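Worksheet: one structure, shown below.
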Amino acid sequence: MTQELPQSVLFCCDHNAVRSPMAEGFMKKFYGTDVYVQSVGVKNDLEIDGFSIAVCQEMGVELSRHRSRSFDEMEEWGDDLSSFDLVISLSPASQRRALELTRFYHLDVEYWPILDPTGLGEGREAKLTQFRAARDQIIGRLKDRFGLPTRAA
């Protein structure tokens, strides 16, 4: 069900290294400056994944400059969770953390169960296939939720 674009969206997953940066990148590509978009992880103990960079680059989304950050860092840097209209969690752990952190705020938290492609597939091509599957799931969910891209994709 397509709903109007929120003013701000926060995507979250486990490490802010695979799924949430992809979601952030495609949200920005598809809906541009109409929406303020950020992403975080429960932890930020990993750098952006090279396979995520590769499969997003195939579709014109640049992730190589992405720096992973956690919910805690986001708050340290002054980004208040309550300033987001919508939090979309892409993993069970980030869903729990988002609900825990937003229980005092009136904001929507949605859970999109997106495949975690890390550790799946033997060899580069098989791994890329898994990362493309996760990317395509994210793109599908974005279009289902927010409608066709407002910017030429």
Side-chain angles (χ1 to χ4, degrees), residues 5-98 100-102 107-121 124-146 149-153:
L5 284 172
Q7 289 186 311
S8 55
V9 177
L10 178 68
F11 290 101
C12 53
C13 66
D14 295 346
H15 304 277
N16 194 222
V18 177
R19 291 168 286 181
S20 56
M22 285 201 264
E24 177 185 353
F26 279 100
M27 185 82 186
K28 287 176 177 174
K29 179 179 176 70
F30 290 167
Y31 308 104
T33 54
D34 296 343
V35 185
Y36 175 71
V37 186
Q38 289 293 314
S39 66
V40 297
V42 175
K43 298 183 263 208
N44 74 323
D45 51 346
L46 301 174
E47 289 297 312
I48 181 85
D49 191 286
F51 288 108
S52 289
I53 294 171
V55 300
C56 288
Q57 216 160 26
E58 293 173 349
M59 299 187 71
V61 171
E62 177 55 55
L63 292 185
S64 64
R65 289 188 303 278
H66 177 80
R67 294 292 161 254
S68 299
R69 66 181 187 155
S70 66
F71 281 107
D72 294 339
E73 280 178 319
M74 184 182 92
E75 290 180 344
E76 286 167 21
W77 296 348
D79 249 341
D80 189 352
L81 207 58
S82 65
S83 65
F84 290 93
D85 297 322
L86 176 61
V87 177
I88 298 175
S89 52
L90 308 173
S91 70
S94 65
Q95 172 72 351
R96 284 191 299 277
R97 184 82 166 116
E100 181 186 303
L101 291 171
T102 60
L107 63 109
D108 293 326
V109 178
E110 291 181 14
Y111 174 53
W112 294 1
I114 301 295
L115 164 86
D116 179 0
T118 58
L120 299 177
R124 181 172 171 75
E125 274 316 304
K127 289 183 184 303
L128 283 170
T129 298
Q130 295 300 323
F131 276 78
R132 286 182 189 114
R135 174 199 68 196
D136 295 346
Q137 273 187 319
I138 290 166
I139 290 170
R141 293 301 293 255
L142 287 170
K143 289 178 179 176
D144 287 348
R145 176 66 167 79
F146 302 116
T150 55
R151 296 179 61 193

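Counting from 1, the numbers follow the sequence of the chain as shown. All values derive from a computational prediction rather than experimental measurement.
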Is the shortest side-chain heavy-atom distance between P21 and N16 below 4.5 Å? yes
Tell me if a side-chain donor or acceptor on R19 pairs with a main-chain N or O of C13 at a distance below 3.5 Å. no
Hey, does C56 have a side-chain heavy atom less than 4.5 Å from the side chain of F131? no
Value for NZ (K28) from CD (E62), rounded to nearest 0.5 Å, stands at 12.0 Å
Next item on the list: Under the side-chain contact (heavy atoms from CB on, under 4.5 Å) rule, what do F51 and Q130 come out as? Steps first, then yes or no, please.
Entry: CA-CA 9 Å; F51 288 108; Q130 295 300 323; over 6 Å; no
Here the salt bridge (charged side-chain N to carboxylate O under 4.0 Å, His left out) pairs for residues 82-96, sequence neighbours left out, are none
side-chain hydrogen bond (donor to acceptor under 3.5 Å, both in side chains) test vs R97 passes for just one of D14, T102, D72, namely D72
- Message: Please check if the number of heavy atoms outside Q7 that lie under 6.0 Å from its CD is greater than 12.
- Response: no
Side chain S89, main chain F11, donor-acceptor under 3.5 Å:
no
_Student check: side-chain heavy atoms of E47 and S68 closer than 4.5 Å_ = no
Between the CG atom in D49 and the OG1 atom in T118, the distance rounded to the nearest 0.5 Å is 7.5 Å
Shortest non-hydrogen pair, V37 vs M27, comes out as CG2-CG, 3.5 Å
Quick check: do H15 and D116 have side-chain heavy atoms less than 4.5 Å from each other? no
E110 and Q95 have their tightest heavy-atom pair at O-OE1, 3.8 Å
Rounded to the nearest 0.5 Å, the CZ atom of R141 sits from the NZ atom of K143 at a distance of 14.5 Å
Closest non-hydrogen atoms of A54 and L128, given as atom of the first, atom of the second and distance, are CB-CD2, 4.1 Å
| Neighbour count >12 (heavy atoms, 6.0 Å) for atom NZ, K43 | no
With a 4.5 Å limit on heavy-atom distance, are the side chains of E100 and F71 in contact? no
When every non-hydrogen atom of L142 is compared with those of F26, the smallest separation belongs to CD1-CB, 3.7 Å
Heavy atoms of L115 and A133 approach each other most closely as CD2-CB, 3.9 Å
Do L10 and M74 come close enough that some side-chain heavy atom pair is under 4.5 Å?
yes
CZ (R135) and OG (S52) are apart, to the nearest 0.5 Å, by 10.5 Å
- Between W112 and F146, how do the two ring planes meet: parallel, tilted or perpendicular, split at 30° and 60°? tilted
Residue pair P92 / Y111, side-chain heavy-atom distance below 4.5 Å = yes
Just do the side-chain contact (heavy atoms from CB on, under 4.5 Å) check on E75 and L101 with the steps written out, would you?
CA-CA 11 Å; E75 290 180 344; L101 291 171; 4.3 Å; yes
Give a yes or no on whether the backbone of V35 and the side-chain of S8 come within a donor-acceptor separation of less than 3.5 Å. no
Does D108 reach the main-chain N or O of L86 with its side chain, forming a donor-acceptor pair under 3.5 Å?
no
Heavy-atom side-chain proximity of M59 to I139 below 4.5 angstrom:
yes
When every non-hydrogen atom of L63 is compared with those of G25, the smallest separation belongs to CD2-CA, 4.3 Å
Separation between CZ (R145) and CD1 (I88), nearest 0.5 Å, reads 6.0 Å
Note to self: Tell me whether S20 contacts the main-chain N or O of S39 through its side chain, where contact means a donor paired with an acceptor under 3.5 Å.
What the structure shows: no
